[in-house]
Trainee: 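I have a structure here, written as structure tokens, and I will follow up with some questions on it.
Since the model is a prediction, treat every value here as computed from it, not as a measurement.
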Amino acid sequence: MRSGAGSGRRGGLWLALAFVLLLRVPFLNQAVQGDDSIYLTEAAHALVDPLHPNNVKYVFMGDDVDLRGHSHPPGNAWPLAGLLAAFGEVKEIPFHAAYIGFSLIAAWAMWSLAVRFSPHPLWATLLFLAVPAFVVNGGSLEADLPFLAFWMAAVALFCAGRPTLSALAMAGAAMMAYQAVFLIPILAVWLWVSQPPGERARHAWPLLAPLATLVTWQVFIRVSTGAMPASTLMGYFQTYGFQAIQRKLDSALMLAIHSWFIVFASLVPATALLAWRRRHNPETLFLLSWIGLFFAGAVVVFFAGSARYLLPMAAPVALLASWLQPKWLATGFALQLALSLGLAVVNYQHWDACRRFAESLRPLAQDQLSKAHRIWVDDALGLRHYMEVQGALPLRKTQRLRPGDLIVSSELDHAVEVTAPLSVIARAEIRPALPLRLIGLESESGYSTTRGFWPFGVSNGLIDRLTAAQVMERHPTLEYLTFSTPGATEQGVTEQIVSGIDPHDRWMFKSAVVVLKNPVAPARLRLKFYISEQTPARHITLSLDGREVAAQTFPGPGSHTLESALPLRGAGESAAVQVDVDRTFSARGDKRELGVVLIGVGFVR
């Protein structure tokens, strides 16, 4: 352990903590962003059921999902629930002020490690605090900073010989993120290099905490709610193709590129060379093992190479870099801080634009609700939160829209293809002037998406296009809809699809609705469809204007026809036809719940 004056150490720590406040205070009014809405949903449910914050449904990408299958345990829901209980609703400034506490814990832990592992503790700590993901994601309400705080505290306390407190920190980290289990092999290496063989087993008991915590929580949820979170999560991995090999390879490459930008990229080659020369030093060996083990684990478990996923790896990288000459550290720190602050400013402006667009729609939303019209939001990020505050509901893929409905959507993150005729009422483009991008329609940044491999983009491109549009009356022109080859559907058919059909490949979901032009004289209603080898659906029902007119159970795969026994027609200018199947399935790598392939539906004479 490096020694130094106690007052000097305390002064460095206070400087680091002050620096954290300087980073966070300008962004206290950061708008709700990213996956914040998921954690806020869990927090709201925690006020009702504190022991089961994630036993709640959520609309994700237009589908109803079970948050017991969320990729994070519900630890982050409890501090948010406390804030909701204290303030009654989401208030950005006090919520972000409270979350500064996690950044301060991470900074304290980093300082503690820097005093032990670095010849320049202050520079090591400042390099850690200037990491882009630390600066940018410190303004969110996601689990990244709470997890980092518990992770860093666990490592610092374990290395300082505080096993009980370290075990508690590990348990806290485990309830924030599954990757807390990576602490077990990482800290086992520290035991190996720091303790004599006869003492290692005696000091190893805290390493049981992450796994024991996760197993206990999994069993508790299984016994008390009937579903184990891990199995639910694995189901969604398969349904949404999150573990597809190409996606994993892309994620691994993205993580490798992102790792070069934890500290300023120009410092990385010299840091790697210096670490190699000192690889036989026990402390250096521990830091290299921390990097290698966490990165290997990240490649295995993550399906999107987001830069924030590498935050738990930032400390050893900064500690190794801090062995460079102070003049290089000062330059690298200044350049990295400038980049990180620029990215944070662009991130702030992006989500603030979503907040301001939603606020501009408040009079319209109030008017909609006063007329008993519905408001839908087709977005899973910040726009969704602010529209839900105004009474909007998340739009589902199976939603049957009515004339007069208002749809607010983000082009960047929408999940539902709306086939109804729309009249655009308001539109806004988000294009910050600063030429840096974390995410965007015209950016190849992979910071938070799989649109590109770089951790940020240098561009003036458009980030997002927000739209508010009203659903108009349909005026169908076709009595019979022909769903031809995929991608070549007859002109006019798409406009007459109400819900439940993907016009690109003709698959319907569990229920499909189309609107048809009523024939002059009654005619038979006919449905032609195809049951594939994979399709479990056998019983098909055909309804006209809410009344069942034909139903039949079919023997198996092949092309089939279902037709009404008598000639029919609707009551007005148009008729609503609904098709229902008894069962659906999901193809590998396809998140949709599929029924049968439609060939044609409509009136025939």
Trainee: Which atoms form the tightest heavy-atom contact between L462 and I430, and what is the distance?
Mentor: CD1-O, 3.4 Å
Trainee: Could you go through E411 and T467, starting from their C-alpha distance and side-chain angles, then the distance that decides it, and tell me whether this counts as side-chain hydrogen bond (donor to acceptor under 3.5 Å, both in side chains)?
Mentor: CA-CA 8 Å; E411 187 173 334; T467 304; over 6 Å; no
Trainee: Keeping Q368 on the side-chain end and G404 on the backbone end, is there a donor-acceptor pair under 3.5 Å?
Mentor: yes
Trainee: What I'd like to find out is whether the side chain of R605 reaches to under 4.5 Å of the side chain of P519, using heavy atoms alone.
Mentor: yes
Trainee: Might you work through the salt bridge (charged side-chain N to carboxylate O under 4.0 Å, His left out) test for D352 and R356, ending with a clear yes or no?
Mentor: CA-CA 6 Å; D352 182 57; R356 287 187 285 107; 2.9 Å; yes
Trainee: Holding to ring-ring contact (aromatic ring centres under 6.0 Å, His included), I want the full list of residues that pass it with H560, two or more places apart in sequence or in another chain.
Mentor: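 ring-ring contact (aromatic ring centres under 6.0 Å, His included) list for H560, sorted by chain: F529, F554.
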Trainee: Quick one, N347 with Q349, criterion side-chain hydrogen bond (donor to acceptor under 3.5 Å, both in side chains). Give me CA distance, side-chain angles, the key distance, then yes/no.
Mentor: CA-CA 6 Å; N347 185 63; Q349 293 176 343; over 6 Å; no
Trainee: Excluding sequence neighbours, so at least two apart, what forms side-chain contact (heavy atoms from CB on, under 4.5 Å) with E473?
Mentor: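 Only P403, H475 meet the side-chain contact (heavy atoms from CB on, under 4.5 Å) criterion with E473.
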Trainee: With sequence neighbours left out, which residue pairs that include part of residues 412-429 fulfil the side-chain hydrogen bond (donor to acceptor under 3.5 Å, both in side chains) condition?
Mentor: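 Applying side-chain hydrogen bond (donor to acceptor under 3.5 Å, both in side chains) to every pair that reaches into residues 412-429, excluding sequence neighbours, yields E429-R465.
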Trainee: Before accepting this row, confirm whether a basic side-chain N of the pair R547/D545 lies closer than 4.0 Å to the acidic partner's carboxylate O.
Mentor: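 Answer for the salt bridge query: no.
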Trainee: Is a salt bridge present between R308 and D144, judged by a nitrogen-to-oxygen distance below 4.0 Å?
Mentor: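 Answer for the salt bridge query: yes.
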Trainee: How about P74 and M175: do any of their side-chain heavy atoms sit closer than 4.5 Å?
Mentor: yes
Trainee: Any donor-acceptor pair under 3.5 Å linking the side chain of D464 with the backbone of L412?
Mentor: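 Such a contact is found between D464 side chain and L412 backbone.
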Trainee: Would you indicate whether the side-chain heavy atoms of L369 and I375 approach each other to under 4.5 Å?
Mentor: yes
Trainee: Could you check whether any side-chain N or O of Y386 sits under 3.5 Å from a backbone N or O of V32, counting only pairs where one atom can act as donor and the other as acceptor?
Mentor: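 Yes, the answer is positive, given that a donor and an acceptor are paired below the 3.5 Å cut-off.
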Trainee: How about NZ on K510, more than 12 heavy atoms from neighbouring residues, nucleotides or ligands closer than 6.0 Å, or not?
Mentor: yes
Trainee: Is there a donor-acceptor pair under 3.5 Å between the side chain of Q496 and the backbone N or O of V515?
Mentor: yes
Trainee: Please check if the side chain of E142 supplies one atom and the backbone of D35 the other of a donor-acceptor pair under 3.5 Å.
Mentor: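 Judged by distance alone, yes, a pair lies under 3.5 Å.
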Trainee: Please give me the minimum heavy-atom distance between A227 and I221, naming the atom from each residue.
Mentor: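 It is O-CG2, 3.4 Å.
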Trainee: For S306, is there any backbone N or O sitting under 3.5 Å from a side-chain donor or acceptor partner on H258?
Mentor: no
Trainee: Please assess S543 against Q578 for the test side-chain hydrogen bond (donor to acceptor under 3.5 Å, both in side chains), listing each intermediate value before the final yes or no.
Mentor: CA-CA 5 Å; S543 301; Q578 181 168 326; 5.8 Å; no
Trainee: Of all heavy-atom pairs between Q390 and A365, which one has the smallest distance, and what is that distance?
Mentor: OE1-CB, 3.5 Å
Trainee: Should we say atom CD of E444 is surrounded by more than 12 heavy atoms from elsewhere, each under 6.0 Å from it?
Mentor: no
Trainee: Are T41 and N54 close enough that some pair of their side-chain heavy atoms sits under 4.5 Å apart?
Mentor: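 The answer is no; the side chains never approach within 4.5 Å.
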Trainee: Would you mind reporting whether L441 and I463 have side-chain heavy atoms less than 4.5 Å apart?
Mentor: no
Trainee: Restricting to non-hydrogen atoms, name the atom on F95 and the atom on V90 that form the minimum distance, rounded to 0.1 Å.
Mentor: CZ-CA, 3.9 Å
Trainee: May I ask you to check if R384 and Y58 form a cation-pi contact, with NZ or CZ under 6.0 angstrom from the six-membered ring centre and within 45° of the axis?
Mentor: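 Pair R384/Y58 counts as cation-pi.
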Trainee: Applying salt bridge (charged side-chain N to carboxylate O under 4.0 Å, His left out), run through R431 and E442 and close with a yes or a no.
Mentor: CA-CA 10 Å; R431 194 192 301 267; E442 298 175 1; 3.7 Å; yes
Trainee: Can you establish whether the number of heavy atoms outside W78 located under 6.0 Å from its atom CH2 is more than 12?
Mentor: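 Yes, enclosed.
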Trainee: Taking 4.0 angstrom as the limit, do K397 and D63 come out as a salt bridge?
Mentor: yes
Trainee: Looking at A512, is its backbone amide N or carbonyl O close enough to the side chain of R400 to form a donor-acceptor pair, meaning the two atoms are under 3.5 Å apart?
Mentor: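 No, R400 side chain to A512 backbone: no donor-acceptor pair under 3.5 Å.
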Trainee: Side-chain contact, heavy-atom cut-off 4.5 Å: V577 with V601?
Mentor: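 Answer yes - side chains close enough.
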Trainee: Tell me which pairs pass side-chain hydrogen bond (donor to acceptor under 3.5 Å, both in side chains) where either residue lies in residues 518-534, with sequence neighbours left out.
Mentor: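 For residues 518-534: R526-E563, S532-T535.
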Trainee: Tell me which pairs pass ring pair (Phe, Tyr, Trp, His ring centres under 6.0 Å) where either residue lies in residues 505-527, with sequence neighbours left out.
Mentor: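 Output for this query lists W507-F585.
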Trainee: Would you confirm whether the ring centroid of F456 sits within less than 6.0 angstrom of the ring centroid of Y447?
Mentor: no
Trainee: When you look at R374 and D405, which way does the salt bridge (charged side-chain N to carboxylate O under 4.0 Å, His left out) test go after all the steps?
Mentor: CA-CA 5 Å; R374 300 175 300 179; D405 284 358; 2.8 Å; yes
Trainee: Could you please spell out the steps behind the salt bridge (charged side-chain N to carboxylate O under 4.0 Å, His left out) verdict for R474 and E573?
Mentor: CA-CA 10 Å; R474 296 177 188 264; E573 174 190 351; over 6 Å; no
Trainee: Counting C-beta onward and ignoring hydrogens, is there a side-chain heavy-atom pair between V377 and S409 closer than 4.5 Å?
Mentor: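 Of all side-chain heavy-atom pairs linking S409 with V377, none is under 4.5 Å.
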Trainee: Give a yes or no on whether the backbone of A415 and the side-chain of D378 come within a donor-acceptor separation of less than 3.5 Å.
Mentor: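 Between the backbone of A415 and the side chain of D378 there is a qualifying donor-acceptor contact (under 3.5 Å).
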Trainee: Side chains of V604 and Y480, heavy atoms from C-beta outward: is any pair under 4.5 Å?
Mentor: yes
Trainee: Does H70 have any ring-ring contact (aromatic ring centres under 6.0 Å, His included) partners at least two apart in sequence or in another chain, and if so, which?
Mentor: Y39, H72
Trainee: Whether the side chain of S231 engages the backbone of M228 through a donor-acceptor N/O pair (distance < 3.5 Å, no angle test) should be reported.
Mentor: yes
Trainee: Would the distance check show the side chain of D582 and the main-chain N or O of H539 forming a donor-acceptor pair, the cut-off being under 3.5 Å?
Mentor: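 Between the backbone of H539 and the side chain of D582 there is a qualifying donor-acceptor contact (under 3.5 Å).
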Trainee: Which heavy-atom pair separates A81 from A46 by the least distance, and what is that distance?
Mentor: CB-CB, 3.8 Å
Trainee: Yes or no on side-chain hydrogen bond (donor to acceptor under 3.5 Å, both in side chains) for N76 and Y99, after CA distance, side-chain angles and deciding distance?
Mentor: CA-CA 11 Å; N76 192 38; Y99 264 54; 2.7 Å; yes
Trainee: Mind listing the closest non-hydrogen atom pair of L544 and G570 along with its distance?
Mentor: CD2-N, 4.3 Å
